[in-house]
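Taking it in order: structure first as structure tokens, then the write-up.
Computed over heavy atoms, backbone and side chain alike; hydrogens, waters and symmetry mates excluded.
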Amino acid sequence: YGVADLGIGYYQTSGQSNTTPNASGSGSRLGFLAERAINNDIKVSARIEAGINIDTGRPSSTGGASDRVWGRQVYLGFESATYGAGRAGRLQGPSYDFFPRFDPMLMPSIGSWGVLTTLGQPVPGGASGTGRSSGFLINPTERTENSVEYISPRLSGLQLKTSYSLNESSATVPELFEAALDFQKGPLAMQLLLTRASAIPGAGTVKATEPVTETAFGLSYQFGPVNPYLTIVHRDKTDPTLGANGSVLNGNAEKVLLLGATIPVSAKGTVRLSAGRYASGSADSDATSLGVGYTYDVDPTLTLLVAYSHLSQESAGQWPIFLSPKPTPGSPVNSMLVGATWRF
């Protein structure tokens, strides 16, 4: 299977602009999925999936490894209708799966979800070592490797998802624990999510850190054709890097509040709205993101889209939008995206 996904993005801030091809929605990929029934209740499955930059043909990967060919999902798993599913490999864990459940835009490069949880960082959620934020672990881009995952059956609308990512005794990579309790009944969907990264002792240029805990709550409710969304994400330390005095560089909490809605305007067209407020753990660095998009489903496999996003920020904020130029402190950032996604 595959996805061919391409957009043209325009970014403007601080008297500078940048026009660049990039992913518009889900990102291009080529994948292989195999499943086989072992008996009437259990089946085994394997997936290997490569991300592709369709404008250059080069591998597209999260995690900062530009030479990673199989940069998306790579796992071996077992699934039982009675006992649930287990997987091991490079996974889209509970934190990754939280994003498409509660984001009306579904455009990480321009929607408020992606703008305010990644804060323009290629590898969000790590310790910056500068005292400033590097984004959230709970974001729409990160997958986790060396991971094991369990997904329970859904009972009375409730389902548990949990994963644990080993660091293979690395002094520079944290272990990661994720757990989500999901509820789905009729038009109502809710989820509580916990993500915790362990401390690391550090080595070389990578400094030691304290543990970091993030929590999130997501809610959506289908009111007839209109579907509103609410999400809150909280991180207990802005930068858990340990300084020379043994204290963290920035122990202030940071938070994101997101609101949005999808509104069908025709049989195939949908307006998508998003608004978010980032409460920074650094002085005078809060930000607000507003986004509006329109998607048109030509058929079940082909989607066309156009979207606009505006980021405003306080006097010390220099947060970009995806591939925008870095703004001068306090400057707003505007972006426009047009694109198409074809699934085959």
- Message: Could you tell me if T13 and S324 have a donor-acceptor pair between their side chains, going purely by distance under 3.5 Å?
- Response: no
- Do S134 and S128 have side-chain N/O donor and acceptor atoms under 3.5 Å apart? no
- W70 atom CH2, neighbour heavy-atom count above 12 within 6.0 Å: yes
- Check whether the side chains of D299 and T301 place a donor and an acceptor atom closer than 3.5 Å, and report yes or no. yes
- Task: Following the transitive rule for hydrophobic clusters with a side-chain heavy-atom cut-off under 4.5 Å over Ile, Leu, Val, Met, Phe, Trp and Tyr, establish whether I8 and I321 coincide in one cluster.
- Result: no
- Would you sort out whether W113 and F99 count as a side-chain contact (heavy atoms from CB on, under 4.5 Å), showing the intermediate values? CA-CA 8 Å; W113 239 114; F99 151 66; 4.3 Å; yes
- Would you check if there is a donor-acceptor pair between the side chains of S80 and D41 at a distance under 3.5 Å? yes
- Query: Does V333 belong to the same Ile/Leu/Val/Met/Phe/Trp/Tyr cluster as L116, with side-chain heavy atoms less than 4.5 Å apart forming each link?
  - Reply: yes
- Closest non-hydrogen atom pair, A4 against I54: CB-CD1, 3.9 Å
- Any luck finding a side-chain donor-acceptor pair between T118 and N139 under 3.5 Å? no
- Query: Does the pair T295 and R272 meet the rule for a side chain to side chain donor-acceptor pair (under 3.5 Å), with working shown?
  - Reply: CA-CA 8 Å; T295 55; R272 301 177 180 273; 3.1 Å; yes
- Task: Mind listing the closest non-hydrogen atom pair of G120 and P320 along with its distance?
- Result: CA-CG, 3.8 Å
- Message: Side chains of S152 and Q159: any donor to acceptor distance under 3.5 Å?
- Response: no
- Start with the C-alpha gap between T303 and D297, add the side-chain angles, then the distance that decides, and say whether side chain to side chain donor-acceptor pair (under 3.5 Å) holds. CA-CA 4 Å; T303 299; D297 296 321; 2.8 Å; yes
- Task: Using the salt bridge (Lys or Arg N to Asp or Glu O under 4.0 Å) rule, take D239 and R132 through it: C-alpha gap first, then chi angles, then the decisive distance, then the call.
- Result: CA-CA 6 Å; D239 184 1; R132 293 182 62 80; over 6 Å; no
- Between N146 and S165, do the side chains contain an N or O donor and an N or O acceptor separated by less than 3.5 Å? no
- Query: In this structure, are over 12 heavy atoms from other groups packed under 6.0 Å from Y83 atom OH?
  - Reply: no
- Given the rule that I, L, V, M, F, W and Y join up when any side-chain heavy atoms are under 4.5 Å apart, are L273 and Y296 in one cluster? yes
- Message: Show the nearest heavy-atom pair for residues V3 and G27, with the distance to one decimal.
- Response: CG1-O, 3.6 Å
- Message: Whether D182 and R154 form a salt bridge (side-chain N of Lys/Arg under 4.0 Å from carboxylate O of Asp/Glu) is what I want to check.
- Response: yes
- Item | Pair R90 + E149, salt bridge at N-O below 4.0 Å | no
- First locate atom CZ of R343, then atom OG of S28, and finally report the distance between them rounded to the nearest 0.5 Å. 10.5 Å
- Is there a donor-acceptor contact under 3.5 Å linking the side chains of N250 and N252? yes
- Message: To the nearest 0.5 Å, what is the distance between OG on S112 and NE2 on H310?
- Response: 11.0 Å
- Hey, what's the ring geometry for F98 with F102, parallel, tilted or perpendicular (30° and 60° as the breaks)? tilted
- Message: Under the side-chain contact (heavy atoms from CB on, under 4.5 Å) test against Y229, which residue among T262, L219, D103 passes?
- Response: T262
- Query: Just wondering, are more than 12 heavy atoms of other shown residues or ligands nearer than 6.0 Å to CG in N39?
  - Reply: yes
- Message: We want to know whether Y96 and E142 form a side-chain donor-acceptor pair, criterion being a heavy-atom distance below 3.5 angstrom.
- Response: no
- Task: Determine, step by step, whether S285 and E314 satisfy the side-chain contact (heavy atoms from CB on, under 4.5 Å) criterion, reporting the C-alpha distance in whole Å, the side-chain angles of both residues, the deciding distance to 0.1 Å, and the verdict.
- Result: CA-CA 5 Å; S285 297; E314 293 182 339; 5.6 Å; no
- Heavy-atom pair with the smallest gap, counting every atom of T209 and A199: O-CB, 3.1 Å
- Item | Gap between atom OG of S331 and atom CH2 of W319 - 0.5 Å precision | 14.5 Å
- Message: When you compare the side chains of S133 and E254, does any donor N or O come within less than 3.5 Å of an acceptor on the partner?
- Response: yes
- Query: Looking at G9 and N22, what are the two nearest heavy atoms and their distance?
  - Reply: N-OD1, 3.8 Å
- Message: Quick one about Q92 and R87 (side-chain donor to acceptor, distance below 3.5 Å, no hydrogens or angles considered), yes or no?
- Response: no
Got a list of side-chain donor-acceptor pairs under 3.5 Å for residues 71-79, not counting sequence neighbours?
residue	atom	partner	partner atom	Å
R72	NE	E49	OE1	3.1
Y75	OH	R47	NE	3.1

- I would like to know whether T162 and F177 meet side-chain contact (heavy atoms from CB on, under 4.5 Å); could you show each step before the answer? CA-CA 8 Å; T162 183; F177 173 76; 3.5 Å; yes
